[in-house]
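All remarks here apply to the structure that follows.
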There are 2 protein chains.
Amino acid sequence: MNFPVVPLGKPRGERADAARNREQLLAAARAMIAEHGTRKVTMDALAERAGLGKGTVFRRFRTRAGIFRALLDEEERRFQERVLSGPPPLGPGADPAQRLIAYGRARIAFLLEHHAIARAALDRAQPIPVGEVAMTRPHIRMLLGLSGSRLPHPDTLAVQLTAALEGPLLLYLSMDEDAASPAMEAAHPLAESWQTLIERVLQVDLPPEEA
Amino acid sequence: MNFPVVPLGKPRGERADAARNREQLLAAARAMIAEHGTRKVTMDALAERAGLGKGTVFRRFRTRAGIFRALLDEEERRFQERVLSGPPPLGPGADPAQRLIAYGRARIAFLLEHHAIARAALDRAQPIPVGEVAMTRPHIRMLLGLSGSRLPHPDTLAVQLTAALEGPLLLYLSMDEDAASPAMEAAHPLAESWQTLIERVLQVDLPPEEA
DNA sequence: ATGTTAACCGGGGTAAAGTCCGTTTCTCTG
DNA sequence: CAGAGAAACGGACTTTACCCCGGTTAACAT
């Protein structure tokens, strides 16, 4: 009697065909976005392009926003790695204030780069499942805690700082579709302003040390 | 050769029937929201309830979100009046820091009260037309200017503070549909936290003077 | 190998947003 | 008051997100 593969632990592994199809769908979505922007990524078109049925697309991603969330998740994982184990000041090692500032800069760049996808990943039906696609709030929360600054409601403040960082790019800034050079112009003041915000909230005063 | 109608001046006043119908539509929408929540306000149902055709609904409001924007605009106007000409510290008269804090408190209460409509007014197709439905950003911008605090990028900072104030309620907090008592619980720390934010950004320190 | 089962596949079906265009209604002028 | 022109109306039409269900297939145990 030989032991079966993976006796338990996971309820069940993803089936091989399913995995293959998911890759095909994500690849097709990426291609369609590159060609025509997010607007043209319809469920029918995506299914046809990937050579699959419509039902399959919905089983994999639940909703249209889900596709973009999945796409974003990949990038997000890379980003998260840089934050969790990359070099300081983004990664561990620097002091909390500097890490917050560095995080803000990096996050703004990230959101700018994936702006179209990030917006399409929003689903007005449900609020953003904080901490799933977004690591921002818990990370900010942690750094606030490490900072040693006495803050009355750090959890709530973390929510508000998260909104201050991501909201402008998700909600308020226009920048529709093109946004190549105007993006860079918008990024700079946002990052500067974020630094000011952090310095004042943590009551530190770092000299402007740019790269 | 006689001159055509309305040489110039106004493009044209709104036609009487149009005005009447708009009122009917808004009233119907309000009733439907009160009865079944925003989810059940569909364009077809709204048209039927108001005794009008669907085309009419779309001409008036362009999009589904437009209905809720219109609804919100009315409340917003009332709110705006309190801010622009009401008693201090919300209205003019108090010092900028206190007004910012008061504005935040009032705004949080406002968004809490109209949470469902505000969320339904979001349109992921277009970003928020800043300054149209929302007076928040310009108001914050003005008060930052009046505060005398030297801030590097006040315009951008105003955007971020706006997001910090409105984002949590629009984007991140769940609170779906019911939110009567949990709402009040959520409101308090948000307001406290907003006060901290402002105090630190403006580098003032107001003693906790509660009502 | 092979039976069992749970997950997957596909495509046709529904509901709701948004568009079009022929028809009706208003309003202004003479 | 009559008539012209502009604006508003209405509802059928199109598009698209999302559901459903019968048939199929991969994974596992024996």
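In this text, all values refer to a predicted model and were calculated from it rather than measured experimentally.
- Under a 3.5 Å cut-off, the side chain of B/S147 and the backbone N or O of B/L144 do form a donor-acceptor pair.
- Among the protein residues, B/R22 comes within range of no part of the nucleic acid, since none of its heavy atoms lies under 4.0 Å from any strand.
- The residues B/K54 and B/E48 are annotated as not salt-bridged, no charged nitrogen and carboxylate oxygen being separated by less than 4.0 angstrom.
- The CG atom of B/D17 sits 6 Å away from the P atom of C/dT27 (whole-angstrom rounding).
- Side-chain nitrogen and oxygen atoms of A/T56 include none within less than 4.0 Å of the OP1 or OP2 phosphate oxygen of C/dC8.
- Using modelled atom types and a 3.5 Å distance limit, the side chains of B/R105 and B/Q195 yield a donor-acceptor pair.
- Distances shorter than 4.0 Å separate some side-chain N or O of B/T63 from OP1 or OP2 on C/dG18.
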Every protein N/O within reach of nucleotides 2-4 of chain D N/O, cut-off under 3.5 Å:
none

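- Rounding to whole angstrom units, CG of residue A/N21 and P of C/dC8 are separated by 10 Å.
- Atom-to-atom, CG of A/D44 to P of C/dG11 comes out at 11 Å; the value is rounded to the nearest Å.
- In this structure, B/F58 atom CZ and C/dC21 atom C1' are separated by 16 Å, rounded to whole Å.
- Mapping A/R60 and B/R62 onto DNA chain C via the closest heavy atom, the residue that lands nearer the 5' end is A/R60.
- In this structure, B/Y103 has its ring center closer than 6.0 angstrom to the ring center of B/F79.
- At the heavy-atom level, A/A16 lies under 4.0 Å from the strands shown only through sugar-phosphate atoms.
- If you take NE2 of A/H36 and P of D/dT16, they are 13 Å apart, rounded to a whole angstrom.
- With respect to A/E75 and A/R78, a salt bridge is recorded, a charged nitrogen being found less than 4.0 Å from a carboxylate O.
- Counting any heavy atom pair closer than 4.0 Å across all strands shown, A/R59 reaches a base atom.
- Considering every non-hydrogen atom in both B/A121 and B/A65, the closest pair reads O-CB, 3.7 Å.
- In this structure, A/I117 and A/L71 approach most closely via the heavy-atom pair CG2-CB, 4.3 Å.
- The interatomic distance linking A/L46 (CG) with D/dT15 (P) rounds to 19 Å, in whole Å.
- Rounding to whole angstrom units, CG of residue B/L52 and C1' of C/dT23 are separated by 16 Å.
- Atom CZ of B/R20 is separated from atom P of C/dT25 by 11 Å (rounded to the nearest Å).
- B/R15 has no side-chain polar atom (N or O) that falls below the 4.0 Å cut-off from OP1 or OP2 of C/dC26.
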